[in-house]
Amino acid sequence: MAERTLIIIKPDAVQRHLVGEIIGRFEKKGFKIVAAKFLQLSEKQTGQLYAAHVEKAFYKPLVKYISSAPLLVMVWEADGIIDMARKMMGATFGYYAEMGTIRGDFSSSERYNLVHGSDSPESAQQEIKLFFAPNEMVDYKFTDSHWLYGKNT
Ligand code: IDP
Ligand code: MG
């Protein structure tokens, strides 16, 4: 199976009507969506997602931001997706992110940054488990997968 990553369209992106824009970028890149849930996270669930940041000064405002309004949590799949999705998201804050990235194009904030993507295979596995049971992820093939992922061999 190809690599999978957890992508979250964060509350600011939902409120700013950017859900379709962000999904569209991943979809056009050729990534495959295998699971999705639209929900509002409790502070406890948000704390589990960001457990690695519990000691940081920005932890409390981060939990408040993420649990304050609904978001869209998804699993996407493709070989190399973890790194590619992070590149497409751009640097953590839109203020610094390159133009052409999601954060660079749509965020100017140093807190709200529209999107989350797992940063390693280990975190992807852990983060996916927080939101989806194995049978909630759908296995299927794209009919054009040769054209999407082919290596011309
Ligand atoms: P990432 O989302 O680019 O992987 P992380 O360092 O994992 O960035 O931080 C997780 C989230 O915490 C960020 O996406 C952002 O929402 C928030 N955050 C990170 N650093 C700061 C900060 O210095 N001030 C306020 N919020 C921050
Ligand atoms: Mg991170």
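Indexing begins at 1, ligand by ligand and atom by atom, following the structure's order.
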Does one hydrophobic cluster hold both Ile102 and Tyr96, with members joined at side-chain heavy-atom distances below 4.5 Å?
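No, it is not one cluster - the side chains of Ile102 and Tyr96 are not joined through contacts under 4.5 Å.
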
Spell out, yes or no, whether Phe93 and Ile7 are grouped together once hydrophobic residues are joined by side-chain heavy atoms under 4.5 Å, including indirect joins.
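No; tracing contacts between hydrophobic side chains, which count when under 4.5 Å, never links both residues.
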
Among protein heavy atoms, which lies nearest [atom], and at what distance?
| atom | result |
| --- | --- |
| atom 6 (O) of ligand 1 | His53 CE1, 3.8 Å |
| atom 2 (O) of ligand 1 | Arg103 NH2, 3.1 Å |
| atom 14 (O) of ligand 1 | Asn113 ND2, 2.7 Å |
| atom 24 (N) of ligand 1 | Phe58 CB, 3.5 Å |
| atom 8 (O) of ligand 1 | Thr92 OG1, 3.4 Å |

Against ligand 1, does [X] come closer than 4.0 Å with any heavy atom?
| X | value |
| --- | --- |
| Tyr50 | yes |
| Glu110 | yes |
| Arg86 | yes |
| Leu62 | yes |

State which residues pass salt bridge (Lys or Arg N to Asp or Glu O under 4.0 Å) with Arg25; sequence neighbours excluded, sorted by chain then number.
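Result, salt bridge (Lys or Arg N to Asp or Glu O under 4.0 Å) vs Arg25: Glu21, Asp105.
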
Considering only NZ, NE, NH1 and NH2 on the basic side and carboxylate oxygens on the acidic side, decide whether Arg103 and Asp12 come within less than 4.0 Å.
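Looking at Arg103 and Asp12, the cut-off is not met.
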
Answer yes when Glu136 and Lys37 have at least one side-chain N-carboxylate O distance shorter than 4.0 Å, and no when they do not.
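Yes, charged N to carboxylate O under 4.0 Å.
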
Taking only heavy atoms of Lys10, which atoms of ligand 1 are found under 4.0 Å from at least one of them?
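Those of ligand 1 that fall under 4.0 Å from Lys10 are 13 (C), 14 (O), 16 (O).
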
Show which atoms of ligand 1 fall inside a sub-4.0 Å distance from at least one heavy-atom site of Tyr65.
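Once the distances to Tyr65 are compared, the set is 16 (O).
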
Which segment of His116 sits under 4.0 Å of ligand 1 when only heavy atoms are counted
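Neither; nothing of His116 gets under 4.0 Å from ligand 1.
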
Can Phe26 and Met84 be said to form a side-chain contact (heavy atoms from CB on, under 4.5 Å), step by step?
CA-CA 10 Å; Phe26 292 132; Met84 283 192 280; over 6 Å; no

Crowded around Gln48 CD? As in, over 12 foreign heavy atoms under 6.0 Å?
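Atom CD in Gln48 is crowded, with more than 12 foreign heavy atoms closer than 6.0 Å.
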
Tyr65 and Tyr112 aromatic centres sub-6.0 Å:
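Ring centres of Tyr112 and Tyr65 closer than 6.0 Å.
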
